[in-house]
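Numbers restart at 1 for each chain; the letters A, B, ... are given by sequence-line order, proteins then strands. The figures here come from the full heavy-atom set of this structure, side chains too, leaving out hydrogens, waters and symmetry mates.
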Amino acid sequence: MSKRIIYHIDCNSAFLSWEAVHRLQHGDSLDLRTVPSAIGGSVKQRHGIILAKSGPAKKMGISTGQTIFEALSKCPNLLLVPPDYALYIQCSNALMSLLQEYTPMVERYSVDECFMDVTGYGMNREDCLETAVVIKERIRNELGFTVNIGISENKLLAKMASEFEKPNKIHTLFPEEIPDKMWPLPVCDMFMVGIRTCLKLYKHGIITIGQLAHTDKELLRVYFKSYGNVLGDYANGIDYSEVRTDRQDIKGVGNSTTTSFDVTDYETAKLFLLSLSEMVGMRLRMENQKARVICVFLRNNQFSAWSHQHKIPAPTNATNDIYEEACRLFSEMWKGQPIRALGVRAGCLSDGNFTQLSIVDQNKADKISELDKSVDFIRTKFGNDSVKRGVFLHSGVSHINGGVSDDYPMMSSLL
DNA sequence: TCTGGGGTCCTAGGACCC
DNA sequence: TCTGGGGTCCTAGGACCC
């Protein structure tokens with residue numbers, strides 16, 4: 001196989017940069033990137049974590065995922081801005097369009113990351129560096145934000161390269177550069193090594209990526225089962241995954257929410273389950289998918305989490321079916337603890353046109369399906385709030401819970 | 001004191017079937 | 001009176017990504 005050339009484009013502090021650009025474009029004189037600022041959810045709604053931070057905020061010890069409480073204790077004058085996901089999708093789309101001018105081989109890996117395969121454009125290594133500079137500068141000039149670009153022969157190395165010094169930098173990590181540039185790094189810097197794996201590796205005396213790369217494969221399999229193969233390969237820069245341009249079939253659709261107050265009664269919990277089922281059902285129908293597995297997730301006020309799932313006899317995308325199964329699963333697992341978060345998820349998806357019911361059930365299912373479709377149509381046309389179930393009136397619970405518009409990009413945990 | 005929400009994949013144990 | 005073993009499905013939970 002001839003050598004490939006892969007770029008990984010990573011937006012620097014995406015949410016914050018995009019918010020900053022948006023504000024400047026709308027006449028704001030302050031550039032959020034120049035002051036200690038962050039994108040964060042509402043503490044009152046119990047969504048209080050940092051989603052993105054500015055450079056000056058980072059210098060003051062603010063990190064992504066931190067609680068807002070902790071962030072404010074480190075930086076009391078931190079300027080906090082709520083997230084605007086619709087804006088982020090627009091920015092992500094604009095980036096996508098710009099990159100697609102260079103090659104159709106662009107994969108949106110997440111809302112703020114893309115891979116590009118520029119193999120076959122007759123570029124040598126100097127050329128691909130020059131092209132990356134052009135792309136980076138165009139993004140800065142035309143879209144107003146900075147990116148890091150990593151360049152290598154596969155996706156893994158390109159992604160690792162883009163993680164090097166930030167922001168607004170281009171790095172290469174070709175295979176021959178691995179010993180110098182990647183092996184000295186701590187093993188937790190490697191893609192797919194999270195906190196659990198990191199601690200486990202430390203326990204076995206593996207501290208750097210280089211040490212991991214030189215650890216006996218058999219031993220890694222003993223420690224980590226099949227995951228050991230992945231770790232060994234990645235540490236040695238081995239990755240054969242393709243840049244995917246077609247959207248992969250979705251495996252499941254789920255929505256969850258942290259409730260703004262501890263839920264302690266069944267009736268309120270059911271309202272949340274219904275509002276989540278509404279969103280899951282709408283999304284399934286939008287994708288023309290039906291699900292055979294329904295899963296309910298709950299987190300109590302001690303932050304412990306559980307889930308129960310059930311395979312139902314016939315695939316469905318009807319809000320009511322999802323809701324009823326969700327309620328059944330919920331009552332099966334809820335022991336009365338105060339609830340902090342609830343989720344509903346639909347899995348084991350199949351084509352939405354498929355049904356397998358008796359004639360009598362079919363007629364009933366058709367009617368429910370027509371009703372769901374009508375509601376979807378009205379909501380698409382006039383907004384989600386145009387049709388509400390009566391049970392939500394004066395309930396204090398939003399009648400639809402959970403987000404994600406139809407084209408919100410999602411990444412997989414594997415390349 | 002506080003800790004989001006959207007995903008994917010893997011593993012282990014028990015049930016069940018032949 | 002004693003009763004195997006392999007394959008697959010189902011479920012719960014945990015790990016990882018951004």
> NA contact type, Thr64(A), heavy-atom cut-off 4.0 Å: base, sugar-phosphate, or nothing?
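Nothing, no nucleic acid heavy atom in range.
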
> Kindly assign one of parallel, tilted or perpendicular to the pair Tyr266(A) and Phe330(A), based on the angle between their ring planes and the thresholds 30° and 60°.
parallel

> Can you establish whether the number of heavy atoms outside Tyr121(A) located under 6.0 Å from its atom OH is more than 12?
yes

> Counting side-chain heavy atoms from CB outward, which of dA12(C), dC16(C), dA12(B) is closest to Met192(A)?
dC16(C)

> Going by the glycosidic torsion and a 90 degree boundary from 0, is the base of dC2(B) oriented syn or anti?
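Syn conformation for dC2(B).
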
> Check every atom of dG6(B), dT11(C), dC2(B) against the side chain of Phe69(A) and return the nucleotide holding the closest atom.
dC2(B)

> Just checking Thr257(A): base, sugar-phosphate only, or nothing, at a heavy-atom cut-off of under 4.0 Å?
sugar-phosphate

> Heavy atoms under 4.0 Å, any strand shown: does Arg46(A) hit a base, just sugar-phosphate, or nothing?
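Since only primed, P, OP1 and OP2 atoms lie under 4.0 Å of Arg46(A), the category is sugar-phosphate.
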
> Got a minute to check which stems DNA chain B is part of, using Watson-Crick or G-U wobble pairs under 3.5 Å, three or more consecutive?
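Paired runs of 3+ in DNA chain B: B:5-18 with C:5-18.
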
> Would you indicate whether Lys58(A), at its atom NZ, is surrounded by more than 12 heavy atoms from other residues, nucleotides or ligands within a distance under 6.0 Å?
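Not more than 12 within 6.0 Å, no.
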
> Does a salt bridge link Glu324(A) with Arg328(A), judged by any charged N lying under 4.0 Å from a carboxylate O?
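No.
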
> Using the side-chain heavy atoms of Arg345(A), tell me which of these nucleotides is nearest: dT8(B), dT3(B), dG4(B).
dT8(B)

> Just checking Ile195(A): base, sugar-phosphate only, or nothing, at a heavy-atom cut-off of under 4.0 Å?
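It contacts sugar-phosphate atoms only.
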
> Any chance CG of Asp265(A) has more than 12 other-residue heavy atoms, nucleotides or ligands included, within less than 6.0 Å?
yes

> Taking OP1 and OP2 of dC10(C), is either one under 4.0 Å from a side-chain nitrogen or oxygen of Lys311(A)?
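Yes, such a contact exists.
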
> Do Phe191(A) and the base of dC17(C) stack face to face, with centres under 5.5 Å apart and an angle between planes under 30°?
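No.
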
> Ignoring backbone atoms, test whether Arg340(A) places a side-chain nitrogen or oxygen under 4.0 Å from the OP1 or OP2 oxygen of dC2(B).
no

> Using a heavy-atom cut-off of 4.0 Å across all strands, would you classify Gly48(A) as base, sugar-phosphate, or nothing?
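It contacts sugar-phosphate atoms only.
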
> Looking only at side-chain atoms of Ser256(A), point me to the closest of dG13(C), dC18(C), dG6(B).
dG6(B)

> At under 4.0 Å between heavy atoms, what does Val193(A) touch on the DNA or RNA strands: base, sugar-phosphate, or nothing?
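Result for Val193(A) = sugar-phosphate.
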
> Let me spell it out: for each of Thr259(A) and Gly252(A), pick the nucleotide of DNA chain B with the closest heavy atom. Which residue's pick is nearer the 5' end?
Thr259(A)

> Is it true that Lys217(A) and Asp233(A) have a side-chain N and a carboxylate O under 4.0 angstrom from each other?
yes

> Would you mind classifying the nucleic acid contact of Gln66(A) as base, sugar-phosphate or nothing, using non-hydrogen atoms under 4.0 angstrom?
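Counting heavy atoms under 4.0 Å across all strands, no contact is made by Gln66(A).
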
> Is it the case that Lys166(A) and Ser13(A) place a side-chain donor and acceptor less than 3.5 Å from each other?
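No, no side-chain donor-acceptor pair sits under 3.5 Å.
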
